[in-house]
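Quick note on labels: first sequence line is chain A, next is B, and so on, each numbered from 1. These figures come from a predicted structure and were not determined experimentally.
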2 protein chains.
Amino acid sequence: MARKRNANRNAGTPTLADVARLAGMSEITVSRVVRNQGPIADATRTRVLAAIAQLGYIPNRAAGSLASAASTLMTVILPSLSNIVFPDVLRGIHTAITETAFQPVIGVTDYDPLIEERILLSFLAWQPAAVILAGLHHTPTARKHLEQGRFRVAELMDIDGDPVDIAVGMSHRQAGYETGRHLIKRGYRKFGYAGHMLVHDDRAKARYEGLCTALQEAGLSLVAEMRSPGGGSTIAGRELLEKLLAAHPDLDVVIFPNDDMAMGGIFHCMHAGIAIKERLGLFGFNGLDIGQVMPLPLSTILSKRFLIGKTAAEKLLESRERPAEKTIINTGFDIIEGGTA
Amino acid sequence: MARKRNANRNAGTPTLADVARLAGMSEITVSRVVRNQGPIADATRTRVLAAIAQLGYIPNRAAGSLASAASTLMTVILPSLSNIVFPDVLRGIHTAITETAFQPVIGVTDYDPLIEERILLSFLAWQPAAVILAGLHHTPTARKHLEQGRFRVAELMDIDGDPVDIAVGMSHRQAGYETGRHLIKRGYRKFGYAGHMLVHDDRAKARYEGLCTALQEAGLSLVAEMRSPGGGSTIAGRELLEKLLAAHPDLDVVIFPNDDMAMGGIFHCMHAGIAIKERLGLFGFNGLDIGQVMPLPLSTILSKRFLIGKTAAEKLLESRERPAEKTIINTGFDIIEGGTA
DNA sequence: GTATTTTATGGTAGCGCTGTCATTATTCTT
DNA sequence: AAGAATAATGACAGCGCTACCATAAAATAC
């Protein structure tokens with residue numbers, strides 16, 4: 001019976017109708033006050049707000065979403081949370097939407113496009129207002145949904161490719177290339193690469209390729225490379241550099257796919273008494289704070305993660321509609337000369 | 001007119017009714033298949049799943065939530081994302097729920113209980129299945145909602161207090177106390193504290209108080225303390241230690257509220273040529289990886305952040321109902337002796 | 001002073017799904 | 001073989017809200 005159902009639910013949860021009754025207005029008027037939409041007389045607004053406060057009314061967003069076929073949720077799907085990089089992006093997003101009605105729903109893919117697809121579909125069930133993901137590479141199914149959905153899409157970090165709507169990030173290929181150019185200019189000639197095995201980390205791969213291109217153009221090539229089977233942690237960087245140098249003691253510079261690993265490299269050198277920069281150059285990527293506070297600041301490339309997140313979210317807030325044209329926002333990067341290469 | 005409305009929405013979004021029609025079943029049966037609920041004949045399930053696949057049906061969770069007065073959303077409200085600590089917690093939560101239907105919605109409070117309250121209320125509009133927050137201290141309004149809501153509540157990090165339902169964490173007061181005992185045992189006598197000004201960081205405060213208690217019991221007290229106006233970053237730790245030592249050169253050990261600041265302390269000593277441990281002990285909190293990989297591993301306390309997040313989420317998954325009794329899960333902490341104190 | 005626009009409010013019909021109660025086939029008891 | 005329990009499915013109302021249209025009152029136009 002309907003009454004039973006009501007009894008179960010309504011236990012102390014006031015609805016629009018309750019507010020309307022108390023304020024002596026219709027439901028739709030209360031709804032308009034709540035949503036700040038349409039013309040409302042000041043007196044009416046005051047009365048309604050008083051009733052809302054008195055009852056402690058909390059709007060039911062599920063009902064609202066259902067009725068309007070739209071929600072205030074912003075789907076954020078990131079590859080990882082292990083490293084501060086993506087929390088930084090998330091922080092940027094949060095900063096942009098903190099004063100808006102948007103609420104971020106988070107998914108983590110572990111760099112796996114199939115997991116990304118699964119998470120995306122499960123989140124689309126909420127009719128999100130916008131979707132943010134990392135990178136430009138998704139499964140065909142995911143891409144299809146992203147293109148056909150009634151929501152805006154921002155793809156972060158990477159701009160080397162064809163975005164669905166909006167891409168915000170930097171060219172990782174170029175970053176790798178500039179890294180190579182920079183180090184060649186500094187006089188390094190025997191390049192080593194100490195990477196990781198995250199096969200789906202497209203951006204690390206793009207930087208690697210950019211680096212190789214720069215070397216090639218200068219008639220050089222990687223003398224040695226190794227990849228740590230785990231991930232890209234500091235400890236992995238430390239151990240990997242040790243192994244790399246054991247096999248190739250003649251290297252004069254080693255590039256890491258991120259600052260965490262590069263710092264591990266610094267620690268190995270400190271421990272093994274290797275003169276950083278003079279005897280062996282070390283170069284990272286990301287420009288983490290900690291690398292810059294060290295007595296010998298890490299030479300690296302500053303990626304603007306917070307800015308990427310913030311810019312993307314702001315761009316998504318600009319309009320409710322999908323943009324007619326694709327937009328690519330290049331947040332660029334800075335080479336931090338540092339003291340290690 | 002209804003037709004117009006339909007036309008706008010239905011643009012390519014199949015509903016349960018569409019699936020039911022195609023499969024030749026009733027809507028409720030399709031719903032049961034989707035939710036894996038109730039007895040369904042194998043043949044029926046197969047037929048329905050085929051229809052779902054054919055149409056690319058995605059259930060509308062807003063409608064489902066409205067009808068059932070329950071959602072699959074898990075509200076996660078954290079103080080900050082700037083430091084890896086809370087992303088670690090979030091990672092633990094995500095690990096626990098990744099194979100379930102739960103989806104985390106994230107809020108960040110900047111350690112402000114009023115912002116926490118605002119975020120909580122806005123999230124309750126989704127009728128979440130569970131709420132996770134940090135700490136045991138909330139505004140009265142927030143506490144009231146947490147106690148009366150139709151969802152389970154987990155309060156993380158801290159267990160010194162009275163939880164709503166479930167608390168998962170450690171005693172920060174005890175951690176501070178043990179820090180003091182440990183350093184006294186090591187022979188340190190002239191204690192300095194290099195903190196920050198996050199007034200709402202209750203846990204740093206509890207550790208500080210525990211430390212003071214330990215000193216007092218040994219007839220000692222803090223010789224000097226300073227607080228950096230910014231936050232608890234590595235650079236702040238480095239600058240603060242320099243200032244602290246300039247004013248109080250006789251200190252023989254300095255405690256920091258977190259590893260980030262303590263590492264800043266290490267860097268200052270390295271730069272200034274101060275013999276760490278012999279001349280000046282340094283002690284942190286958190287047990288971050290990076291501190292342990294340094295040539296001189298940081299002396300600190302390992303807080304089990306990932307475990308806290310994971311345990312809490314698992315506990316919340318155990319039952320759909322609010323627990324009859326309060327539960328406190330102490331994940332404990334480990335003193336890492338390290339090499340800096 | 002009437003026509004037109006603007007401002008403020010309400011009635012009503014769903015949105016897409018699930019809870020509740022029935023109903024019919026099937027299997028198990030004794 | 002009749003009765004009881006179980007398995008499998010369906011009808012239907014309604015969750016709480018908002019889009020859509022309509023209407024009344026006030027302001028403005030000419």
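Per the geometry, CG belonging to B:Leu66 stands 12 Å off P belonging to C:dG19, to the nearest Å. Distance CD (B:Gln127) to C1' (C:dT18): 14 Å, rounded to an integer number of Å. Put simply, CD1 on A:Ile40 is 12 Å from P on D:dT18, counting in whole angstrom units. Rounded to a whole Å, the CG atom of B:Leu16 is 14 Å from the P atom of D:dA11. Between the CE atom of A:Met25 and the P atom of D:dT18 there is a distance of 16 Å, rounded to whole Å. Rounded to whole Å, the distance from CG on A:Asn60 to C1' on D:dT18 is 12 Å. Taking atom CH2 of residue B:Trp126 and atom P of nucleotide D:dC17, one finds them 12 Å apart after rounding to whole Å. Rounded to an integer number of Å, the gap from CZ of B:Arg47 to P of D:dT9 is 9 Å.
Comparing D:dT9, D:dC15, D:dC17 by their nearest atom to the side chain of B:Ala67 picks out D:dC15. When each of D:dC15, D:dC17, C:dA8 is scored by its nearest atom to the side-chain atoms of A:Ala41, the top-ranked nucleotide is C:dA8. Nearest to the side-chain atoms of B:Pro39 among the listed nucleotides C:dG19, D:dA7, C:dA8 stands D:dA7.
Judged purely by atom type and a 3.5 angstrom limit, B:Asp165 uses its side chain to pair as donor or acceptor with the backbone of B:Val153. Between the side chain of B:Ser71 and the backbone N or O of B:Gln127 there is at least one donor-acceptor pair closer than 3.5 Å. B:Thr95 places a side-chain N or O within 3.5 Å of a backbone atom of B:Arg91 that can act as its donor or acceptor partner.
Between B:Ser65 and D:dC15, a side-chain N or O to OP1/OP2 separation shorter than 4.0 Å is absent.
For the contact set between residues 28-38 of chain A and DNA chain C, defined by any heavy atom under 4.0 Å, the members are A:Ile28, A:Thr29, A:Arg32.
A salt bridge does not link A:Asp112 with A:Arg118: every distance from a Lys NZ or Arg NE/NH1/NH2 to an Asp or Glu carboxylate oxygen is 4.0 Å or more.
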Subject >> Working for side-chain hydrogen bond (donor to acceptor under 3.5 Å, both in side chains), residues B:His138 and B:Glu117 >> reply: CA-CA 8 Å; B:His138 318 289; B:Glu117 176 187 314; over 6 Å; no
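For the pair B:Ala63 and B:Ser26, nearest-nucleotide mapping onto DNA chain D gives the more 5' position to B:Ser26.
Within 6.0 Å of NZ on B:Lys310 lie no more than 12 heavy atoms contributed by other residues, nucleotides or ligands.
Between the side chains of B:Ser122 and A:Gln103, at least one donor-acceptor pair of N or O atoms lies under 3.5 Å.
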